[in-house]
Every structure is written in C-alpha cells, then in structure tokens.
Amino acid sequence: MRKTMTSMLAGIGLVLACGTSVYAQDKELTIFWAEWDPANYLQELVNLYEAETGVKVTVETTPWSDFQTKAFTEFNAKGSAYDMVVGDSQWIGAASEAGHYVDLTDFFNKHNLKEVMAPATVKYYAEYPSDSGKYWSIPAEGDAVGWSYRKDWFEDPKEKEAFKAKYGYDLDVPKDFKALRDIAEFFHRPDEKRYGVAIYTDNSYDALVMGVENAIFSFGGELGDYANYKVDGIINSEQNVKALEAYKELYSFTPPGWAKSFFIEDNQAITENLAAMSMNYFAFFPALINEASNPNAKATGFFANPPGPNGDQFAALGGQGISVISYSQNQEEAMKFLEWFIKEDTQKKWAELGGYTASAKVLESPEFQNATPYNKAFYETMFKVKDFWATPEYAELLIQMNQRVYPYITGNQGTAKEVLDSLAADWNATFKKYNRVK
Amino acid sequence: MAHIQLKNISKTFGNHTALTGLNLDIGDGEFFVLLGETGAGKTTTLRMIAGLEKPTEGQVFIDGVDVANWGAAERDVALVLQQYSLYPRYTVRQNLEFPLKPKIRRLPDAEIKDRVDRAARTLRIEHLLDRKTDRLSGGEMQRVSIGRAIVRKPRVFLMDEPLSALDAKLREALRTELKNLQMQLGATFLFVTHDQIEAMSMGDKVGVLNHGRIVQTGTPYEIYNNPRDTYVASFVGSPPMNLIDGKLVNGRAVMAPLNFELPFEGRAKTSGATDGRPLVFGIRPEDVYLESGAPVEARVHDVENHGVEKILTLRVGDAMLRATVPARTDVEIEQPVRFAWDPDKVVLFDKGSGINLRHAG
Amino acid sequence: MATAVMTTLDPNSRSAARGMSDLTIRNLFIIPTIVFLIVFNIFPLIYSLGYSFTDFRASSPAAANFVGLQNYRELLNDPFIWSNFAITAKYVIVSVVGQVIVGFGVALLLNRDIPLKGLLTTLLLLPMMLSMAVVGLFWKLLYDPSFGIINYTLGLGSFEWLSNPDMALYAVAITDIWMWSPFVMLLSLAGLSAVPKHLYEAAAIDRAGSFYTFFRITLPLVAPILMIAVIFRTMEAFKTFDLAYILTSQPTTEVISIRLYKMAFQEWQTGRSCALAYIVLIMILAITNIYVKYLNKVKER
Amino acid sequence: MAAVTTSTERSLNKLAIVGVLIITMIFLAPIYWIASTAFKPRNLATTIPPTVVFQPEISPFVKLFTKRSQLRTAPTPEQYAAAPWWERLVFDGGEKVVRSGRGEVQWSGYPSRFMNSLIVAITSTVLAVGMGTFTAYGFSRFKVKGEQDLLFFILSTRMLPPVVVAIPMFLMYRVVGLNDTHWGLIILYTAFNLSFSVWLMKGFMDEIPKEYEEAALVDGYTRMEAFFKIVLPEAATGIAATAVFCFITAWNEYAFALIMTNRRAQTAPPFIPSQVGSGLPDWTVIAAGTFLFLLPVAIFTFLLRNHLLRGMSFGAIRK
Amino acid sequence: MTQIELRGVQKYFGAVQVIKDLNLKIDDNEFIVLLGQSGCGKTTTLRAIAGLETIDGGDILIDGKPVQHLKAADRDIAMVFQSFSLYPHMSVYENIAFPLRATRKSKAEIDQEVRSVAKTLQISDLLAKKPSALSGGDMQRVAIGRALVRRPKAMLMDEPIGALDAKLREEMRAEIKRLHIKQGSTTIYVTHDQIEAMSLADRIVIMHEGVLQQVGSPDEVYSRPANLFVAQFVGSPVMNVADAAVAEKASSASVTVGGAATGFEFPGALLSKLNGHASDKLALGIRPEGVIVRREAADGFLPVEAQIVEPLGSFDIVDLKVGSQMLRARTKSGFISGPGVKVFARIDPAQTHFFDKASGKSLGVRL
C-alpha cells in the first residue's frame, strides 16, 4: 500500500517536475552556509578554486534565523542539494550521530590537521565526542565573542578624569570583568541617551547563552563535564552564580529595549552612539571598521573578553567547521576541494579576503594580526575559547537554558542560584531521557 | 409543434412532495394555461417538460416519444421566465442570437440575422437591438425574452409567469400580443400563471393545479361556469364565486346556519341534489342582484368602485357575499339593501368533499 | 405562418446535444479538488498523526518507537505548554478584538458619503499586502526605543514596547491589528453595504435614533459577515508565528506556534511536536466549530 | 437617494471624512516610511527625527540586485575610475560587488527570487481560483451528499498551522522530487488557497440565478457550454475578488517557501529579511526590496479594486 | 387630526426634475391614493412627505407647520414599504415593538400596544415567528402593524401589496380599507394599479412624469378624465382612443373612426359643444362598455368583424375592427363565439370623451 502510494506520488512528481528547469553541469559543488559577509568572502575564495580546477563551487546561503532549521530538514530528508555545509559547532553531535556528516578522521590524520589548526578550533569544530579522536569537520570560519568599544569616549580627557576620580584607576580597555562593569556603569547615562554596554540577550537561539558563557567561562566556571554529562555542582557552581549575577548587572547598563539583541543590535549600539562597549562575534566586526556603515569607524576599538575575578580568561566560541554531507553525490570532489582548502596558501588567502582562518600558522603570523584592529584580539581569543554542549540534544539544553536564564536576566525573576539549580535539574532530566547518565 | 403528454407524474424534493399522480394532455398548437397558487407545482411541471427536472415517477411524452433520457437541449422547447432569462452582459441582438448558435443546431449567419430581424419586427423591438439588456424597461425585457423563444421556432413554448413582474397596463397589452403571436405561429404554448385573468383571457384550455394535483382541465368557459370543486370556484373569477353552506328544502335553498332562504328551482338542479343533503351553494357575484322587493335583506359591508361596475360586499349575519352591480348603483356603506340571485346560475357542491354535484356523477 | 420551418434534430446529434451528464460534471468539478486536498493536506496530516504516537526524531536515523499516548500525556502535563496556550489565547483575543474594532470602525466611517471612497479603501488595504516577515522586521525598527519612529512621534521617550514583558504581546498584537484590520474592514464594508437601505429608512420612520439603529439594526445584520471575518482572523491569529518570532522573544510572547517551531525544528522532537500540533489542530477545529455553529445561529435570525 | 440630511448629519459626515483621512494616514505611514527609505542614502535610513527631505538615491536598488561584500581596503582611484556608475555607488557605500571566478558581476538572489515569486504566485492563483470556481459551481448547483461536511472539511484544511504539515510535506516532496521546484510551491499554495477560494466562490455562485444556465440548456447548449458562456462571465467579479486574496497569500507566504525551497525555486519573502545578515543591516536595501515586492500586489489589487469592493458585497454575505 | 399640504414642491435627481411644482391638500382622515406609472414621481413624493427625501423647492406642511427640514423621525409619520422592510433578525413581536422601543416606552405599555395591534390584524399567533417564516400577506400585516402601533399622525403606504399574488392582493385590499375606516388616520397610498386606486381611494391623485394630472374621486377620474393620459390609465380594459373626424349630417353629427367608410351617429349638439375644434385634431375616447354590440343589424349600428375574444369569466372583451382601428368592446360572456364573427356595433355618445390630440386635454364634451 505504502509502496503504491509512494510510486504514485513519484509519478505525479515526475510529471510536475518536468516543468522546472534542471541544472546540469559536470562538476559542481554546493556549500551551504548562512547569509552573511563571510559567506561572500568564501564565495570569492572558491572562485579561485574554480579558476584553478574548473569546478564550479557555489555558496548557497539562507538567513541565520533559519540556517539550522533548513540544514537539518535537508539532512533529515537525506537531501543531496548540498555537498558541504559550514555548520555551527554545536551541530556536530547531532549531525555525526545521525550520520549526516562524513567521517573525516582519516583525512584529518592524513593531513595532521590537529597540528595545523588552532587546538581550540579542532576541539570544538571538528571532534566529537570529546577526546574521542573522531573528526567530522575541518575548522573553517573561526569565531568567538569579543568586544568593541568607543575609543573616542574612552580617550576623552574629561571622562578619564571623572572616571579616575570615581573608581580610582585609569579609564582604559577593561582588564577584567570588574572594570568592564565599572566602565559600563560609568558611561550609563540615560538622560544623555548614552548607555554603558551592549550585550547579547536574544533567546530565540544561542545569543543569550553565548553572552552568559562569556561571563561563566571567564569566571572560571563550566557548563558541565562534557565527558560524563555531570552537571549538578558544575553549572550551578559558586563561580557560575557570580558570573550570572555579573551578567545581569551588565544588563542594567544596556540601552532601553535591550531584551532581544544579537549581533545586529550590538553593532548598532556602536554605530548609533548608544553604548560605550558592545559584545559581538568577531565575524561581525568588519562592518564596524567600514566608514560607510559605521560613522564612528575610526573611533571604534576592540578587545578580547576580559578575565574574571580569578584571572581566568575565556570566551564563548562561535564559528563553524566545514563538513561533507553523507548524502552528497559528489563526495570525492568535495574531498578534493577540502584538500585545497586546508592548504596554507588557501588559508592565507581566506584570511586576506576577510575569512577567519583557524590555521594556527596564519593566526600567529604578524601579517594577520596587523591586518585589522581586531585581528589581534581574535588571535588571542581563539586560543582560549570554550563552547556549549555539542550533544545531539544540545537544542533542548539550549532552550532549557534560555527558559531559565532569560526571565532572570531581563525580567528580574528569581535569584541566580535558583535559576542555575533549576537548570541543572532540567539538564539532568534531559540527559537521563537520552540515557547519557543513569 | 408538438403534442405533450404527462402520465402519472410524481415529484418529490427530499420529503416535500411537489406533484402527485399528475396527468396532462396538451394538444398540438394549443394554448394551455396551468393555473395555480404559488407552490402548487406549476413551475415544477413546466421544468419537467423542459427537461430541467426529472420526474420521480411517471413519464413525459413529446409527440408520443418518451423523453425521459433527453436533456433539455434535445427537447427543442423554448422557455420564457418571469426574470433572468436574459443575459445581462449581452445586447438584445446577442441575446436573440444566442439560441441559434449552439453546436447542435448552429445556423448559418445569414439565417441567424434573418430570424433575429424577423423576431424583432414581430415584437417591435428593432430599435432596441443594440442596447444592453440592463438598460431595458420591464416590458421591453419581456418582449426580448419572448423574442429569444420565437427565433428558435421550437416545438413548444414554455412560459413561466412571464407577465407577473410587469405593471397592470403592460400586462394587459402583452396578454393580447402573446395570444396573437400564438395564433400566428400556431405553436403549442404552455403558460404558467397564478393570475386567473391571464388564464381566462389567453388559454384555449386551462388546467387548475392545487397542491401538486390537477383539479380541473377545461376551456375557460367550463372552468368559470362549471368549476369542478369549491377550490376552483373560489380561485377562478374576480371577485371569486360566493360559496354559502346550506341545503335544499322544498325547492328552496335554505342557508344554514345563516337562516335565510332563496328560491331554487329549474336548470341548476342535478340528480344528486336531494333535499336535506348538506350542500354548498355557489353563485357568481354578477349573478347576485339588488332589488327592492328581493327576498333577503343585507347590509352593505364594503363598496369597491371599479368604474365600469361596483363590487359590493354584503353582510348577512356573519356571512359575506359579493355582488357586482352597475357603476350607477348608489349605495353607502352600512346601508340596508335587499338582494336575490339568478337560480339558474347556482352551482351545487357537496359540503363534505367540495365536489361539484354535476361532476360527481 | 403555421407552416414555419422546424429545426428538426438529427437523431445522431442527440448525444452531442446532451454533452456530459450533470453527474459527470459534478464529479469532474468537485472530485479533483477533494482529491487534491486529501493528497496535499490530509495525507501529511495522517503522516504526522502516526508520528505523534512515536518518539521519532527527524534528526536521528534511529527507528521510531511506538510510545502510545505518552507524548500527549507529557504535553498536557507540561506547565510551559499551558502557559503557551494561555499566551496564545490572550494574543488571539487582543488581536482579533482589536482588528474587529478598528476594521469595523473604519468600515462604518467609510460607509458614509466619503469622497474618493474606492481609492481610500484600496490604499487602506496596503498593509495586508506585505509579507509578514518583512512587516516584523520593519515594525521592530519602528518600535525601537532609541531610534524608532513610534516613540518619536508619540513623544514616548524611550518607552520599551518589545522589551517590557507586559507590553510585548500587545505590541505584537498592535502590529497584527495594523496589518489585518483592513481585511476586517473590507468584509465589514461588504456586510454594511449589503444591509438593505430601506431598513434604515424604516428605522428612521420608526423614530429610532442613530445609536439605537446601530445596535438594533446595523450590528445584528452585519453580524454574520463579521463572524466570518472573526473566524478567519482567529484561525490566522492562532497560527501566528513569523510576526511574534521576529518582533520579540519574551517568554510572555511565546505563542504556541513558536513553541511548536522550537520543538519541531530546533529540538527535533518530531514525534512530540506532531502530538502538540494535533492538540493545536483540535483546538482550532473546536473553536471554529463553535464559531460556525454560532454563525449559523446568527444567520438563522 | 440620500435621506434627509440635517446640519448635524452633515457635520457628522465631515467628521467621518476627517476620521478616514487620519486613519488612512496612520495606516499608510509605515508604508510611506518603507517606500521613502528605499530611496534614501544609507546614513539617513534610521535617523531620529526621520529625514523627510532628502536627495533620492538609486543606490539601494543597485545594491539590491547585486551580490556585495564589505570593502576591506578602499578601491584604488584607477579601479574607481574604471568602474561603471552603478558600481561606484556600491564603492561609495563601502562595499564592492562580488565577481565570479570569471570576473562576471554576480547578481544577488533578488531578481531570480522575484521571478520565482511571480511564477509561483500567478500559477497557483490561477489554479486555486480556477479549481475553486469549478468546485464552488459543483457545490452550488448539484446535490452533493454530505455537502456541509465536505465544505467544512475544505475549510478546515486552512486551519493547519504550517509547522504541522511542514515535516511530512517535506519528506513527501523529497520522495516525489518536488522540493525546491516551482511546482512544489505552486501545489502547496494552491492547496492552501483552494479552501478559501471554494468558500468564497460558493457564495458568488449561489448569487448567480440558475435560470441563466437553464435558459441556455433549453436553448440547446450543454451544461459545460452554459457554464463557460454564461456562468463564468457572471462570476467575473467574484473571481477577481477571490484572485486578489489568493494572490496576496501566495505572494507573501514565508514558512513553506523557506523550508521547501532552496536556490532554484525560492521566492522573495524569505530572501528580503536575509539581507539583514551582515552585521549591520542596510535598511535602504531591505526597503528597496520590500518596496519593489509590494508593487505587483498593489498594482494587481488596484486594477481589480472595483471588483474587489463590489465582489465582496454581493458574494460574501450569503455564505 | 392631521392635514398634509404640499405647496409648490420641486425635486430634482441630478438634472432630472422628478416632481414639478406639486400642490396638494390632504384632509384629515382622508384616504389619498397617488396613482401613476413607475417613475412618475409618486414614490418620491411619498418619500418626501415621510422625510426620506429632501425637496429642492416648496413646502411640505403637516397640520400647517412646515416640516421639510425635519428628520423623518421627527415628523411622526408611519410608513409601510413595498418590500415590507421588516427587520429580518427580529421576531414579529419585536418588529412591531420596535417603534415603541425606539422611543423608550415602558415594557408593559409596549406589550399591551403590540398585543392589541396584533389582535386587530389577526396576527396574534405569529408574534413569536421570524419574518422569513411568514407568508407574503402576513408580512404585510406585520408591516402595517408596525406602522399602526405608534398611532402616527399619518400613514404612508408605498405599493404595500404590489408584491403579493393576485388573489391575496384582493383580500389585502379589502383589509386595508376596513382598517382605514376603523382607525381613521390620514393615509397616503402609492400604487400603479388603478384597480387598487379605484377601490381604496377617497380621492385619487394621478401623476405622470412628475406632473399632477388630475385629483378627484374614483368616479370623477373614471368618468371625467381630465386628459388622455388619465383616460387611458384608469379603467381596465383600457379606454379605446381613436382619431375621429366629425361631420355634420342632417340634424345630427357623424363621427368617423379609423377612416371607416361610415361614421357613427351622434346628437347634433356635439358640433356646438366642440365649438369648431378642428376635426383633424380630435381624439375620441370610449370605454369598452361604451361600445354596444348586437348580433343583428340595427339603426346606427355599423357592421364590424370580431378579431380576438378574451373571455374574462363574467364578461368577454372583444376586439372589433372599425376601419383601420381596433375597438375593444365589453360583452356578455360568450356573446360572440369566436374570432371572425361579423356583428354590429355603435358608440354610446353619452360615454364618449373628446380630447385635443395635441395637448391631450379633455374638451369636456358631455352628451
């Protein structure tokens, strides 16, 4: 019965599909990514590949908000529309366990990528499960959460003086979270329509969690033990409570209406003269040094996520590795492309075009670090990044964290301790449900 | 031209019965009027002949052929309706051409033009040919509808109250025109109406329909003068026939419970009219007359002046009686008068069944 | 004249004259639509009904296990879901009532002797011609406390439309009202113009004042078509997703469709989301049914 | 035939006119704002107070149609001089046009998606209204067993939240090869609009006196001919009104377009918001895309406006 | 006690003048029928009196007070519409109660009034029904009830029974008349049906193209029509109108119709009464009952041929060909057996009217 139905539908489909033009080209690769500048840079990069080999590579994009949905619907339907995907780091668990990604361990080992790429990027973009030695992606677009700030405000002698008088130390790029908080408080002047700091608060995907992670990691905290899924006592640890409180305090120095902000809003905080400092992914910083899009481009500076009270300094990881999709009909061709992609020359070119390479060598090169005002901060950050859970059920964990943390940060509900305790319980239950822990 | 026969037709819509055991015979070239109140089943009968409705039971014959399986298009009948038979988007000419252009009997263009022009001439609507139908007056519209029917030269003309949306003057004028037309064409007409004047004045034959049954078929004269039952008696004629309960006693009509008597003898008496049998006496208003020495006294309840004559409503006890009197008669409301009847014109009905005694036999 | 030429029918042309039977035509006209709707609407529904009894995850290659009513049980016991439903109900009521008031109000104004009525009506329809997603995008900007035009025009300073948990749902509803009041207006106009003029004349003769006429004549007679507008808008409001999702992310605005979306496309709990979808569907069906019953009652009057 | 107008009545009318004008202005303000933003230079897009007087620019449209990326180094004067006028506009905006491996200018996704929208919306509207008209006629003129239930069933298919059907639909489309095809979307939108179309058209059909067709039947036409010659022209107003609604729905649909299509068949609604993607939104480009995208529906509706208003008032009331 | 007066009323629809200088005085308790074809301005006149239509000139006075600037609601006039205008969503009871509720009467009072009106109209058992469940006649009764319940100064009726079946019309006609006698309120009734007008009116007002043609009792308009229009509009079957040539013949006059070979004999007085009115400008009008038909030849009777016989039950209408003219005669039922029969006819001079052909005005000749 089902078969008949299927073949019948197939028949209808075939007839209907005839009306649609079918693309046919000998060698063509399609890479799927989100709609943003790095995708444009990647397109420029792969244009070189086409020039070299004649294989046309297309970078297909979709809005960020739908990227994950779209990718996974395609995977789940075992679709061959894309050959490779530049997928978010958290996907790796879900995608590898479900068999959507081709196992790249051999490739990885053959090219010794563990050494070639910055270690943190290998750990979070490529390997799953943690420390298993199995690799599913090539780190492609390195990214992490950093900060931009208003140099002109910071360097204003009057401000410097006032700051010193109030806090007893010089106004400068914050050297720790305490300084970050003080500066935010210092510049927070609602009657002047000038505010302290812009942070991530959007809870529809991972924005808020990234922001909170920045605090947690630098405060010396962890989300849990990725090896054995233990969360109780880790996610709700003392440091984490402090970190969450600190983040909440930062929220009180944000511009009005800051309850659904992500990279656009945070960049706007700088361009629209709203905030003294703004948290954002490095990937979105190019827009801030472009005078056409940022009137304050010349007065915008950048710094890495500052250390916490104990001197720990970490940042939340963004960025994506590139993976080959199991249902692609051009896997061989895709592997060839990857071999080209990991070449040092290519990575250099990639960085020049605006991509954030994960290649350790390129990152360490002074050319790279001096190329832009934020590359140095990026380089520093990329060696101390940490990431969210990458298990297949990460989305549930993420939503649970949003559900608990968001009302606390933006709506003043409960205490940090209560929130994190409940979160620990939620996560525990989820891990139980998927038999990660007994 | 065609001869139409309906045999034992019944029609039900859901649990509503529209027609029961209907038999009808319409002769070739006859102007047949189906008369009945709203909801009597007239339109259903007509639609059945047109092929727009299928009988639940029974057969329809056109020229002796059972047309049960024929569609409306094949029956070659023409239909004129009270409204909506003209297409609002078309001009008069396009409307008239429409019936000549179906695939099954598409005529040559010259012939179409010829027929349309001829029909337009016949109906005196030549000056309207290029007008859109929504810019016609009621009378003009109805002429065009008739035109649409005659261009076809169909076997049968079916007309469903074509005149009832028009005002009185126009109705009167078109009545004669239609009758004339039918005489000219010599075609079979089936005309449906609720207006007894139309039925009387136009029909060669009239069929009176009541609650889905044919009550009486006959010439207008028969229907008027010898109604088959009290229903027909009261339905046909304006004002309607007076119907008074009573019985015969020694050659006199004794109205009970009203307690007045009128002489009754002579021609109207039939075999069933035995003394004492409960009867209904029917007398047309024009056969009731006022006379100073007449046997019964009444009061004038109402006077309707129709110009040529007056219609009086007389009150005897609780009963009302209509009398048509010459226009010159001078009466006031509530004035006492005396009246009599023409005993020869009295029609007797059985009290129980309402059937005319002459028909019952 | 009695010898007029008859167009007799060729017996062979009889079948041509008849064409297709009414039954054939009826089937030809109706069945394709029904089949089409079954294949493309009901078939997927049955598919999801099946999934709703399993722990199927579309993101996982693991086979689906039959879990019976577990999904339904868990969902109906989940306080988060119930709060989602409560939010949805609040949203539907605010937005539909708002649309009816604004839409019907404008229709009442337009139903008077207004110059350029046709043009104004068409212009008023413009908001509903925009894509929801784009509307969300622009309205987020309009609502912005720092550089939004709404606060500037109304002189509200930096009023937080979307970040204030108590305001956000209303802000979303206001946008929805802006976008869809024209729809209600159009239907109301239709209803108003269909009220026979002579009834108003009769009421005037009967010495009814304008308020009395409005409440006793206009409103009851427009009620059926207004109900239709309400049915359509309720169905749509119940399904609201894009607008709320793009405008805010307050827990107080998490309508059921957003929850459903997250469950289905972020958590990939396919089986459970199918169950939730069914609960939603049954609710919409129930509400619509009540409406339709009520509508028929209104029409009977 | 105006009823007797008193002075209060007249001043009420004036009040109504003023009210309508104010409401129209409020309703149109956001649209005016979008339209004007489409012609603004980027730095004036989000100013407070809003910029009302400005030199209209065409650069938003140039950007809308090209694939661009951030300039990392300013173009050399030679490069700038050699560039065509429109590319200079892009340079001025601090961006460059992305070129393919062969140096060809790359179009943005907008033109092709706009075309897709046209193809999908027009075809599905024709299908939905066409089938809807036939089906409505069938329901209106013939006895259908369980008519009320069927009509309710038809309506109920519009009640499904798109998310409900998205997954099974997607899987089904994958099997039959309909995903990312025009036909895939056309079928979806047709199915979606069909219920509305049947419902609305049934109202119109009921209003057309069946005597018209019966007259044609008696005149020797088949029912099919009668339907096409008489009923369809009479239903024109209803068809126009229905078409406007179906077109608006299909033109703006977002969720299915997003999930079911990729590059080949994707329509514009998912594309326009995606322009926000690059760190800082260029509102002028989004406004330009929105403005252009609004034009076809607005024109379509404007052309059919008389039908729409008249149509709604005679068909809908009876349903 | 209500008098209504129209003084020089003018009304335009755009450029078309639909009421031209209308003057009319209606007495208390009078039953006035406005009679005319559709589009003659009669309904507009009625609506102007009701306050549903503004006028462009003149005055409308009710009890001597000008009311043309008052709203309908303030004129205290009730109206019955042709379409009945029952409120479809209200029961019969609510419909009748509506005018009372609109003016905030007490509940008990309303109930009493409604029930009493319903009793008068014999619709007490229908009170709970919706208008859609009523027959045409009952709807009309309810509409009248709604008008009566207020005890208005005047009742206006716009073709109130025009939409009913022929039989029902006859019944309702009588009912309306009885009701008027009983209630005795000033009534203005609009119709295009001359039978209704004849049988209902105290006075008939005949209008044509916005101009008042004649005002008079039914008798007057029937037997002394002021012009050709009235002559042909009133009376069924229609009055015969023919071109007539009058010639002197011995002491009498000969009137030739339709160019026939011989004329009808008329008293010589005709000539003087015509007062030299040019013969070629004359139109003769004779009602069918004024055409006298015999089977045998007789003095003064001309031989004619019957063309069509229309049996109407109590009498027949026969079309007779006189010269090129068709004259319709009223005969006893069955008097002429069918078309083609040759009979003899003459015109009754006493019932003959003469009109000026150009103006249509009656010459007032009475013989």
Side-chain angles (χ1 to χ4, degrees), chain C residues 17 19-20 22 25-26 29-30 32-33 36-37 40-41 44 47-48 58 106 109-110 112-114 118 120-134 137-138 142 147 149 152 186-187 190-191 193-194 201 204 225 228 235 239 242 257 260-261 264 270 277 280-281 284-285 288, chain D residues 3 13 16-17 19-20 23-24 27-28 30-31 33-34 46 48-50 131 134-135 137-139 142 144 154 156-161 163-165 167-169 172 187 191 194 198 220 222-224 248 252 254 269 272-273 276 286 290 294 297-298 301-302 305-306 309 312-313 316-317 319:
Chain C
M20 277 180 271
D22 281 2
I25 292 176
R26 185 195 80 184
F29 278 16
I30 293 180
T33 295
F36 187 85
L37 289 174
F40 290 101
N41 276 321
Y47 221 115
S48 10
V106 178
L109 291 181
L110 274 175
R112 291 176 155 266
D113 203 8
I114 302 273
L120 284 175
T121 313
T122 320
L123 282 176
L124 278 170
L125 294 181
L126 278 172
M128 62 181 259
M129 298 177 203
L130 287 167
S131 163
M132 276 273 203
V134 175
L137 218 57
F138 279 106
L142 288 176
F147 41 89
I149 290 173
Y152 171 75
L186 190 63
L187 285 174
S193 59
E201 295 181 347
I225 197 163
I228 288 167
M235 271 158 54
K239 297 177 344 192
D242 329 21
S257 287
L260 192 54
Y261 171 80
T270 314
V280 172
L281 178 61
I284 297 183
L285 272 174
T288 319
Chain D
N13 223 34
I17 294 174
V20 166
I23 289 169
T24 311
F27 269 73
L28 293 189
I31 290 170
W33 179 64
I34 291 173
T46 54
I48 279 293
M131 287 174 78
F134 285 123
T135 308
Y137 179 81
F139 276 115
F142 305 116
V144 179
I154 287 176
S156 70
T157 58
R158 204 183 153 106
M159 298 174 197
L160 316 177
V163 200
V164 183
V165 274
I167 296 175
M169 248 353 226
M172 185 167 116
I187 287 171
L194 196 48
V198 170
T222 64
R223 192 174 270 280
M224 275 302 217
I248 289 176
N252 288 321
Y254 178 81
I272 297 173
V276 171
I286 300 168
T290 306
L294 177 62
V297 237
T301 312
F302 191 75
R305 71 185 185 285
N306 289 333
L309 301 178
M312 290 316 291
S313 56
I317 192 75
K319 285 187 297 185

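Here is the naming used below: chain letters follow the sequence lines, and residue numbers restart at 1 for every chain. Just the heavy atoms: all of them, side chains too, but no hydrogens, waters or symmetry mates, feed the values below.
Panel note: side chain D:N252, backbone C:M129; a donor-acceptor pair is recorded below 3.5 Å. Although no hydrogens or angles enter the test, the distance criterion places no donor-acceptor pair under 3.5 Å between the side chain of D:N13 and the main chain of C:R112.
Closest of all the heavy-atom pairs between C:I30 and D:G138 is CD1-C, 3.7 Å. Considering every non-hydrogen atom in both D:V144 and C:R26, the closest pair reads CG2-CD, 3.9 Å. Between C:F36 and D:I187, the closest heavy-atom pair is CZ-O, 3.7 Å. Shown here for C:L123 and D:L28, the closest heavy-atom pair between the two residues is O-CD2, 3.3 Å. When every heavy atom of D:W33 is checked against every heavy atom of C:F138, the shortest pair comes out as CZ3-CD2, 3.5 Å. In terms of heavy atoms, D:A191 sits closest to C:L37 at O-CD2, 3.5 Å.
With contacts defined as side-chain heavy-atom distances shorter than 4.5 Å, the pair C:D22/D:F142 qualifies. Taking the side chain as every heavy atom from C-beta outward, C:F40 and D:M172 approach each other to under 4.5 Å. Side-chain contact between C:T121 and D:R305 is absent, with no heavy atoms from C-beta onward closer than 4.5 Å.
Heavy-atom pairs under 4.5 Å with chain D were tallied for C:T288, C:L130, C:I114; the largest tally goes to C:L130. With chain D as the partner, the residue from C:I149, C:I284, C:L142 showing the most heavy-atom pairs under 4.5 Å is C:I149. Top candidate by heavy-atom pairs under 4.5 Å with chain C, chosen from D:I23, D:I31, D:V297, is D:I31. Comparing C:V106, C:L120, C:T122 by heavy-atom pairs within less than 4.5 Å of chain D, the highest count is held by C:T122.
Heavy atoms of C:D242 lying under 4.5 Å from chain D belong exclusively to its side chain. Using a 4.5 Å cut-off between heavy atoms, D:L294 contacts chain C through its side chain alone, with no backbone atom that close. The part of C:Y152 that comes within reach of chain D is its side chain, from C-beta onward, which places non-hydrogen atoms under 4.5 angstrom from that chain.
To the nearest 0.5 Å, the span separating OG1 on D:T290 from CG on C:L137 amounts to 7.5 Å. Here D:F302 contributes atom CZ and C:L125 contributes atom CG; the two are 11.5 Å apart, rounded to the nearest 0.5 Å. How far CG of C:L110 is from OG1 of D:T24: 7.0 Å, rounded to the nearest 0.5 Å.
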